[in-house]
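Working notes, structure below.
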Amino acid sequence: MAIREIRVIGDDILTKACKEVTKVTQRTQILIDDMLETMYENFGVGLAAPQVGILKQIVVIDVGEGPIVLINPQIVETSGEQTGEEGCLSVPGKWGIVTRPDHVKVRAFDEDMKEFELEGEGLLARALCHEIDHLHGELYTGRVEDGLHDTLAGEDEL
Ligand code: NI
């Protein structure tokens, strides 16, 4: 495994739509392992493939309950609303207030390309929305309600 360089805001790749994954090759598996290592190394709660320069629909998340890998994830249901702080490893040193659904249901594929559903509330729901936005070339900075603020140490970054 290896730590990959995280692309930061201003890099065009973060604004592009990602391609669907059709097959998990050895290369894909290495990418997933590297994404997890890169996320943990940077104390992130989630990471999407374009953040390491790869335009594929792959997301990793760990909100403190163990790693989740999502391939070609799609939000199929949302409910409720939460308004809170959000940050991103690709927007270092900043945070902003973003409103997201409080509950989301996602359909995705695992590393064996088996389809599964995942439901998340609170931080997991926020992370799922945030990471899936990355796959569509969207950053949370386009959704902030009161501009960007400077980060204090120890805040979650997605
Ligand atoms: Ni992010």
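One-based numbering, in listed order, for ligands and for the atoms of each. Below, each value reflects all heavy atoms present in this structure, side chains not excepted, and no hydrogens, waters or symmetry copies.
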Q: Given side-chain contact (heavy atoms from CB on, under 4.5 Å), test Asp150 with Lys94 step by step and report yes or no.
A: CA-CA 5 Å; Asp150 292 330; Lys94 301 285 177 189; 2.7 Å; yes
Could you list the donor-acceptor pairs under 3.5 angstrom formed by side chains in residues 5-13, with sequence neighbours left out?
{"unit_1": "Arg7", "atom_1": "NH1", "unit_2": "Asp11", "atom_2": "OD2", "d": "3.0"}
{"unit_1": "Asp11", "atom_1": "OD1", "unit_2": "Ile13", "atom_2": "N", "d": "3.0"}

Q | Electrostatic pair Arg100-Glu86, nearest N-O below 4.0 angstrom | A | yes
Q) Using a cut-off of 2.8 Å, how many protein N, O or S atoms lie below it in distance from the Ni ion (ligand 1)? A) 4
Q. According to a 4.5 Å side-chain heavy-atom criterion applied to Ile, Leu, Val, Met, Phe, Trp and Tyr, with indirect links allowed, do Ile32 and Tyr40 form part of one hydrophobic cluster?
A. yes
Q. Hey, is CD on Gln26 packed in by over 12 heavy atoms from elsewhere, all under 6.0 Å?
A. no
Q) More than 12 foreign heavy atoms under 6.0 Å from CD of Gln74: is that the case here? A) no
